[in-house]
Amino acid sequence: MNRLLHRAVPVLEWTGWKITKVERGYCESVLPLSVPTTNQHGTHQAALISLSADYTGGMALTTLLTGVPLTGIHRGHPNRSASLWLASMDVKYENPSTSHLRGVCRIDAKTAERIKSRYFGGRIVLVTLTVEFFSEDNERVAVAEMKYFAQATSQLLRDREDGQRSSLSKLNLKKSARIIAGLRAQRSRQEGQWICREDGIKIRIDGGHDMFAAGTHGLLQAERLQKVLPQLQSMVAARTINADDVLRSMPEVEQLVMLGAGLDMRPLRLSNHLKGATVFEIDLPEMLTERQHVIQRMDKQIGGTHQTPERYQIAADFLRCDVGSKLRDHFAFSQTAATLVIYEGCSMYFEHEQNVRLLSSVMRSLKNPASRLWLDCVTPAVIHANTGDPNIHAFVDQMEMIGEKFIYGPTDIAGFLVECGVKLDKFVTAGNVLDDDDPTLAEYRFVTACRDSVDLESDPA
Ligand SMILES: C[S@@+](CC[C@H](N)C(=O)[O-])C[C@H]1O[C@@H](n2cnc3c(N)ncnc32)[C@H](O)[C@@H]1O
């Protein structure tokens, strides 16, 4: 538990805080007196005692949720996990803390029963627990009243009765799109791009669009994931380069369809190439609202989005809607226009049949032989944890922990594409794109496919 907590909350590791004893309804911890935890008087910093109280009480509460993984700490599907957080606290500092500090939280039997019956009865738990702190000579240093909220994550994620998504599921949605934008931004931030101003001075421009879209949260999450899988940034860079190249290789492109558009700013970034084209951004309604919000703020703050191609948003849940028919019904969509469909960063989150249903419905709506599909996918070894690279599996674990479990990687790409109504045109790995023979990069693949002319003729209009 100490190892898991340290990984999830790095400040705990930094301070040397750890759990020293647990029993059902009981937790004891220690906050060492050390250079990182003391203030100028050589006593513990008050805020760190509060931090210790938070996790000591939280852990005592966790001991009552027998067999239930904690969201953000343990692996496990959200449907089986518990969400736990601190709602408020009141800490009284009674004496200076000048030695290692022992934190103690004991939950009385009656309160413990109430917590268990509410949690396992599917209800919200709101409980105030007392955490006491003692110095090495057993003098009480502080006492904290900590109020916790706990509920089954599945209940928190459940959409509201009016069909609106819950706040937690909205937050999760934004999170994955922000992380991807953060990874794209990291690369361009490091390498930068140099342009020559009219006055001859060279200036560096960073991935402004992606950096803006990611925000502080996305950049930070990307940094954390990058530590787990050092090749991650290269993988995302390779996929951006490859999809951009495919788009640029279609000078005649008239439509760009972005399936699961998220916060991909490609229409803004490649606005020159897309001049005169129409862009369809398809995603869940909440994500599209966020996307529009980000683009509007970007326009105000960094400018430069006024020359974007014609963009239309189509709200669709891939699991519930016939996306092809939504496209065909859209007044601006033309089946005969040369179209590139980009399905980026999505295939790994859906089952084989779900991917096939979505892609075949969209691709069968395209009647121009120049139309293309681009998608990225992982190898089945990534899904089955047998790539031989422990970092990949630690990354997939981490993704599962943040609710982004990878579940699919096609074994037979050509066969998968045939089921989707297209045929394989080009297939490369991230390693091929970057000219790098690191075997980890070979686990990530980019595919370009086109409509089969025979299929095109035989399809009903
Ligand atoms: C990992 S993000 C990738 C976003 C974008 N393509 C990129 O590369 O930056 C996955 C996207 O799929 C969308 N998505 C997830 N589940 C979906 C569903 N059931 N229907 C439609 N979109 C979905 C998410 O909202 C998110 O924008």
Side-chain angles (χ1 to χ4, degrees), residues 78 157 159 163 165 168-188 207 209-215 218-219 221-222 225 232-233 235-244 246-247 256-270 279-295 313-324 326-327 340-351 353-355 357-359 361-362 373-378 395-396 398-400 402-408 430 444 446:
L157 286 170
D159 294 345
R165 242 161 236 279
L168 189 64
S169 98
K170 276 193 215 166
L171 183 77
N172 281 348
L173 259 185
K174 291 179 196 169
K175 188 163 59 186
S176 77
R178 281 186 191 144
I179 293 174
I180 299 297
L183 285 165
R184 272 193 294 264
Q186 265 186 345
R187 174 86 173 194
S188 47
H209 291 119
D210 291 318
M211 221 156 1
F212 193 93
L219 287 170
Q221 293 279 10
L225 285 173
L232 189 58
Q233 206 185 81
M235 289 170 155
V236 173
R239 102 178 186 201
T240 309
I241 292 169
N242 189 248
D244 282 359
V246 171
L247 178 58
L256 173 67
V257 173
M258 300 169 72
L259 295 176
L263 295 176
D264 176 5
M265 296 298 149
R266 185 166 275 115
L268 277 56
R269 222 170 17 84
L270 301 185
V279 178
F280 298 89
E281 302 167 349
I282 310 181
D283 210 303
L284 293 165
E286 299 77 11
M287 190 67 237
L288 290 179
T289 308
E290 170 72 4
R291 179 177 172 82
Q292 196 51 24
H293 187 60
V294 167
I295 291 176
Q313 297 199 326
I314 302 180
D317 181 342
F318 297 160
L319 301 178
R320 295 188 198 167
C321 304
D322 178 350
V323 179
K326 280 210 159 211
L327 264 174
L340 175 63
V341 176
I342 291 192
Y343 186 45
E344 181 174 2
C346 297
S347 69
M348 50 296 277
Y349 299 114
F350 296 97
E351 302 285 358
E353 293 72 26
Q354 294 168 336
N355 278 305
R357 199 158 46 86
L358 168 71
L359 294 175
S361 136
V362 170
L373 164 69
W374 180 95
L375 66 91
D376 59 334
C377 55
V378 294
F395 164 75
V396 173
Q398 189 91 0
M399 292 300 283
E400 182 175 346
I402 61 173
E404 297 283 318
K405 188 175 178 190
F406 280 22
I407 55 173
Y408 180 64
Y444 194 26
F446 312 125

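Order of appearance sets the numbers: ligands from 1, and atoms from 1 within every ligand. Below, all heavy atoms of this structure are taken into account, side chains as well, without hydrogens, waters or symmetry copies.
- Shown in contact with G262 at under 4.0 Å from a heavy atom are these atoms of ligand 1, numbered in order with element: 4 (C), 27 (O).
- In this structure, E281 and M287 have side chains that are not in contact, with every pair of non-hydrogen atoms separated by 4.5 Å or more.
- Between Y349 and ligand 1, not a single N/O pair is under 3.5 Å apart.
- Residue F318 has at least one heavy-atom neighbour below 4.0 Å for each of these atoms of ligand 1: 18 (C), 19 (N), 20 (N), 21 (C), 22 (N).
- D376 places a side-chain heavy atom less than 4.5 Å from the side chain of M348.
- Remark: ligand 1 atoms within the under-4.0 Å shell around heavy atoms of D317 are 18 (C), 19 (N), 20 (N).
- Within ligand 1, counting atoms from 1 as listed, the ones closer than 4.0 Å to a heavy atom of L284 are 16 (N), 17 (C), 18 (C), 20 (N), 21 (C), 22 (N), 23 (C).
- Looking at heavy atoms from C-beta onward, M399 lies out of side-chain contact with I179 at the 4.5 angstrom threshold.
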Could you go through the side chain to side chain contact (heavy atoms under 4.5 Å, CB included) check for R357 and F350 one step at a time? CA-CA 11 Å; R357 199 158 46 86; F350 296 97; over 6 Å; no

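- Atom-to-atom distance recorded for H293:NE2 and L263:CG is 11.0 Å, nearest 0.5 angstrom.
- S347 and N355 are not linked by any side-chain donor-acceptor pair at a separation below 3.5 angstrom, with hydrogens and angles left out of the test.
- Neither the backbone nor the side chain of R320 has any atom closer than 4.0 Å to an atom of ligand 1 (non-hydrogen atoms only).
- Taking CG of L225 as the start and CD of E404 as the end, the distance is 10.0 Å to the nearest 0.5 Å.
- Ligand 1 lies nowhere less than 4.0 angstrom from a heavy atom belonging to M258.
- Residue I180 touches ligand 1 through its side chain alone, judged by heavy-atom distances below 4.0 Å.
- Annotation: side chain of L259 is in contact with side chain of F318 (closest heavy-atom distance under 4.5 Å).
- Residue S176 places no N or O, backbone or side chain, under 3.5 Å from any N or O of ligand 1.
- If you look at M287 next to ligand 1, the close heavy atoms, those under 4.0 Å, all belong to the side chain.
- Each of R184, R266, R239 was evaluated against D244; a single residue qualifies, R266, per the salt bridge (charged side-chain N to carboxylate O under 4.0 Å, His left out) test.
- The part of R184 lying near ligand 1 is the side chain, judged by heavy-atom distances below 4.0 Å.
- Comparing G345, A316, C321, A177 against atom 1 (C) of ligand 1, the shortest heavy-atom distance belongs to G345.
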K326 and F280: side chain to side chain contact (heavy atoms under 4.5 Å, CB included), yes or no, with the steps? CA-CA 11 Å; K326 280 210 159 211; F280 298 89; over 6 Å; no

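- Considering backbone and side-chain atoms together, G260 places an N or O closer than 3.5 Å to an N or O of ligand 1.
- Counting only non-hydrogen atoms, the option in S347, P285, C346 that gets closest to atom 12 (O) of ligand 1 is C346.
- Rounding to the nearest 0.5 angstrom, the gap separating the CD atom in Q221 from the CD1 atom in I180 is 11.5 Å.
- Contact annotation for A181 and ligand 1: no heavy atom of the residue comes within less than 4.0 Å of the ligand.
- Geometrically, ligand 1 and D283 share a nitrogen or oxygen pair separated by less than 3.5 Å.
- Of the options R291, R239, E286, M265, the smallest heavy-atom separation from atom 8 (O) of ligand 1 is shown by R239.
- Residue Y343 places every heavy atom at 4.0 Å or more from ligand 1.
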